[in-house]
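Report on the following structure.
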Amino acid sequence: MDQSSESLPPALSLLHSERPRNVNWFQAAALLFGDWGTSRLYVLGLAFLVAGRSSFWLIAAMSLLILAVGWAYTQICRIYPDGGGVYTAAKQRSRLLGVIGALLLFADYTVTASLSAVDAFHYFGLGTQHSAQVQQADPGSDIRLHEEDNHDDANEAPQHEKLWSLKSPGFWAIISIMVIGAFNLMGPKHTAGFAIFAAAGMIVITLLVVVFALPQIDWRHLNLGTIHQDPIDMWRAFVYVVLALSGVEAIANLTGVMHKPVYGTARKAIWVVALEVAAFNLLLCLAMVALHPPRHAHVGDMMAYLAQGPNGERPWLGWPVRIIGGLLLLSATNTAVNGLMSIVYVMSRDGEMPQVLQKLNAFGAPWLGAMIAAATPCVILLFAHDLETLASLYAIGVVGAVAINCSLCAFHPRLRKMWRKFAMALLGVILVGIWITLAFTKIHALIFVCVTLAIGLSLRQITRVANKRRPKPSLLRQAIMEQLPPEAWAKPKVVLATAGSDDLARQALEVAKAEDAALVVCFIREVALNFRVEAERRLTLDTDPAAQQLFAEFLAHGHRQGVPIIPMYDTGPNGAELLAEAAAMNGASRVLIGSSRRGAIHHLIKGSFQRRLESLLPPDIRVQVLSLSDDTPPTTAAA
């Protein structure tokens, strides 16, 4: 054990538990690809909608922007090896600016969840479907920024689908988001695995589409439109398709748990994904332009159209793409909902939002945060449930967050070389220009982000005023919160019955460390039923010196071992019931109780406690007995 881990800060308020660095470049790339890679499911159709054959140049420009942003975030990850998201980076300059950046990301994740869910049900075959024929009017190469201009004749007026219909993608998107929110009430479930599944699925269907679509391209007569358009219209069209940059913010937040060297891990993950997205988006765009369907026909399911062919001659490929694409988009919805929960929880934990948002349910999930994360996208879908409107709302949040991060990092001393600072500043200016264009040309998007900022900043101000009136938490409570990062709640839980001492600390921490789990340390003071009310009135964590001393010792032990400690204090007449309740509330995998070298009567009493505890616990929670004797191995009993 190194010296740094042995030495403790002079006060418990400065105690920090080091996070394990267990995310490699492949896992980080999977998370990024889950956002950048799946965006092609809707970006291609939106680009063709506004530019027709000239959409190739828009996709090419967007690919260049993705490469530029990717380079910028390799530098940001190097500068901030312990977390480089906009909230972390901006609050070092100004806490207010950090909150604004987080709220912009909140707006982005809200629309991400809404748009991904709506487009998922487009791929599942719901909504208005248009059949594309081989003999069609040429979609043209001009820029069309108004919806009514994207229809081939005057009789095809734009038709907005009704929300409250069983065939409406918006209706089923609301249902799916509510279901996803309900599942998130049961706590996080292996999000890295979902990200890897999304990346693998997207790569498979992309390769299949490219293999079958590219041979059909007549390269000699391929018409890629023209880049010689009205510059203002071309810029506005480019801004319209700038989507799906939020994944790079997510990967910046992961630097605190990446393998060292962080710069190498982040750089490899970002460049692998950025190059794949840029290259394959261009290839898919070439196939799309070669087939040139009507502009409005396949906005929501362009990848499925490319897979099945213009006459539907490959249904065996079209339907797998629809099913896999829809599932991937629902997975992206789940990721966005988790992102919303994380933003709300972290800002609440930092004292920027009301403390009630930190309250956890029996599964260790912030229940109010989960409800907000599911309700907000559903509210958006009540007002905007078509893909085009949601796409215009999408970019304003993420572009603002990325612009703030890049602009601030342009002046960071660790960027060192002048050409890096100039490139970062230039990228920041471009992103600010995109944001301003969105604000002036998409008034409803500006209103949306302003409402988000107004509500968030109002809650922040109310919280700050309330915190000034509230007594400052004790040093022990500060130490407890500061050594519990948000990801600690996602770890497995092991519960320890302390019996009022830290004699079992070494063995319990070894068990928790072996399982990469957080240790829930229970101090239960049994009181007689007749005096319970009076005892609970007198004894709390803040008024019980024995409990305070015990928890301080466990926090020191946990700090040295790198194990998060979750203290639980309770009083009551039945210790076994309170301990079983603590295990169930934390979703523990096992409960640790102690056994000493005392006499037979003591072992009889202890055995009776174990049997009572096992009878109260669910079958999936085991009871493990730890012996105070070093030469006696611990025993395990199945409940």
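Residue indices begin at 1 and follow the sequence shown.
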Q.
Is there a side-chain contact between Val289 and Asn223 in this structure, where contact means two heavy atoms from C-beta onward sitting under 4.5 Å apart?
A. no
Q. Do you know the tightest heavy-atom contact between Leu340 and Ala373?
A. CD1-O, 3.4 Å
Q) When rounded to the nearest 0.5 angstrom, what distance separates CG in Leu286 from CG in Leu306? A) 11.0 Å
Q) Hey, what's the ring geometry for Tyr305 with His298, parallel, tilted or perpendicular (30° and 60° as the breaks)? A) parallel
Q. Hey, are Asp218 and Arg220 close enough for a salt bridge, meaning a charged N less than 4.0 Å from a carboxylate O?
A. no
Side-chain donor-acceptor contacts of residues 415-425 below 3.5 Å, not counting sequence neighbours, with atom names and distances?
{"unit_1": "Arg420", "atom_1": "NH1", "unit_2": "Leu415", "atom_2": "O", "d": "3.4"}

**Q.** Backbone of Ile396 reached by a side-chain donor or acceptor of Trp435 within 3.5 Å
**A.** yes
Q | All ring-ring contact (aromatic ring centres under 6.0 Å, His included) counterparts of Phe448, not counting sequence neighbours | A | none
Q | Minimum heavy-atom distance between Gln229 and Ser54, given as atom pair plus value | A | NE2-OG, 3.2 Å
Q) Can you find a pair of side-chain heavy atoms, one from Met234 and one from Ile227, that are under 4.5 Å apart? A) yes
Q) Where do Ser114 and Pro377 come nearest, in terms of heavy atoms and distance? A) OG-O, 3.2 Å
(Q) Are the side chains of Leu166 and Leu126 in contact, using a 4.5 Å heavy-atom criterion? (A) no
Q.
Could you work out, with ring-ring contact (aromatic ring centres under 6.0 Å, His included) as the rule, every residue matching Trp235, not counting sequence neighbours?
A. Phe238
Q) Can you check whether Gly140's main-chain N or O pairs, donor with acceptor, with Arg53's side chain at less than 3.5 Å? A) no
(Q) Are His444 and Leu393 packed together at the side-chain level, in the sense that at least one heavy-atom pair is separated by less than 4.5 angstrom? (A) yes
(Q) Quick check: Phe33 with Trp25 (ring centres under 6.0 Å apart)? (A) no
(Q) If the threshold is 4.0 Å, N to carboxylate O, is there a salt bridge linking Arg236 and Asp230? (A) no
Q: Determine whether more than 12 heavy atoms belonging to other residues, nucleotides or ligands lie under 6.0 Å from atom CG of Leu382.
A: yes
Q. Does Glu276 come within less than 4.0 Å of Arg40, counting only side-chain N to carboxylate O?
A. yes
Q: Could you go through the side-chain hydrogen bond (donor to acceptor under 3.5 Å, both in side chains) check for Asn338 and Thr335 one step at a time?
A: CA-CA 5 Å; Asn338 273 289; Thr335 301; 6.0 Å; no
Q) So, Tyr80 versus His412, ring centres under 6.0 angstrom or not? A) yes
**Q.** Met303 and Tyr123, any side-chain heavy atoms less than 4.5 Å apart
**A.** yes
Q. Quick one: are Val299 and Glu388 in side-chain contact, heavy atoms under 4.5 Å?
A. yes
Q. Is the shortest heavy-atom distance from the side chain of Val43 to the side chain of Ile59 under 4.5 Å?
A. yes
Q.
To check you understand the geometry: which heavy-atom pair defines the closest contact between Arg93 and Leu408, and what is its length?
A. NH2-O, 3.5 Å
**Q.** Student check: side-chain heavy atoms of Tyr87 and Leu105 closer than 4.5 Å
**A.** no
